[in-house]
Every structure is written in structure tokens, then in C-alpha cells.
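Just below is one structure, and these are the notes that go with it.
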Amino acid sequence: MTMDPEKTTIATADVVSSTAGRDQGQLFYVMDADDQFVTLVNGRNRPVEKPKRKKRKHVEKVLRSETRVAEKLRSGDKVLNGELRRDLASLSRSMQGKNLGG
């Protein structure tokens, strides 16, 4: 089984979907990533102050985000939980619109 290298390369500020656990199906921003784990935040049940550490194999990259929040995460600036929630909510809505339209 060959994986698309673009999908498997998860970096800081990417948007991922959880594929396992009680948060399955939820969208998260990647705060940090190493060889085995990613650190996830969504501003709601996973605020910036208390990120979720999850194995890479339990998340799936959704997209490389180019929003202001993503820029802040990449540059290491302070990100507010409200910004994360707003961004992920609008991404979720736009993804649902695309799925329903096809």
C-alpha cells in the first residue's frame, strides 16, 4: 500500500482530521509535529494551553492551511482559542458544502 507523500507529511499549521479515539472526525490544527507524534489544538476541548498529543497514524491530513491562524502557528506567534474555533468552523462548513455539492 503506497501512501501519497503529500498526505503523510504533516507539518505545523496543517489541518488534520482525527481518525481514531473519542475525537474521531474532528478537525484540528497541528501545533507541533515530530517523527511519531503530532500536537493538536482546536480551541474548544483542546485549547492552546492544553494541546492533545496524538500518534501520527491516528490523524489524516486534510489540507495545508494558508489562513492568518496558520501563519501565526508557523511563526510561533500567540494564537487565541477563539481564532482556532472560528477558522476550523469555517473550514468545516466549506468542506461540507463541497461534499454535498458533488
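Note: hydrogens, waters and symmetry copies are ignored here, and every other heavy atom, side chains too, is used. Counting from 1, the numbers follow the sequence of the chain as shown. From a predicted model like this one, the values you see are computed outputs, not experimental measurements.
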Spacing of R53 atom CZ and T39 atom OG1 [to the nearest 0.5 Å]: 7.0 Å
Check ion pair D23-K54 (N to O, under 4.0 angstrom): yes
Salt-bridge present (E66, R74; N to O < 4.0 Å): yes
For A11 against D14, the heavy-atom pair lying closest together: N-OD2, 2.8 Å
Side chains of E49 and N81 in contact at under 4.5 Å (non-hydrogen atoms): yes
Spacing of NZ belonging to K52 relative to NZ belonging to K50, to within rounding of 0.5 Å: 10.0 Å
Check: L40 and V16 side chains under 4.5 Å, non-hydrogen atoms: yes
Exam field: side chain R56 to backbone T9, donor-acceptor pair closer than 3.5 Å: no
Point-to-point distance, once rounded to the nearest 0.5 Å, from CZ of R86 to CG of L80: 8.0 Å
Nearest heavy atoms of P51 and V41, plus distance in Å: CB-CG1, 3.7 Å
From OG (S92) to CD (Q26), nearest 0.5 Å: 10.0 Å
Residue pair A13 / A70: nearest heavy atoms and the distance that separates them: CB-O, 3.4 Å
Enclosure of Q24 CD (heavy-atom neighbours >12, cutoff 6.0 Å): yes
Any R44 side-chain heavy atom under 4.5 Å of L88 side chain: no
Flag side-chain contact, heavy atom, 4.5 Å: V79 against Y29: no
Joint hydrophobic cluster, L63 plus M31, side-chain heavy atoms closer than 4.5 Å: yes
R46 CZ to L84 CG distance, which is reported to the nearest 0.5 Å: 13.5 Å
Shortest non-hydrogen contact from T12 toward A33: OG1-N, 4.4 Å
Sub-4.5 Å side-chain heavy-atom contact between F28 and V59: no
Interatomic distance, L73 atom CG to K78 atom NZ [nearest 0.5 angstrom]: 11.5 Å
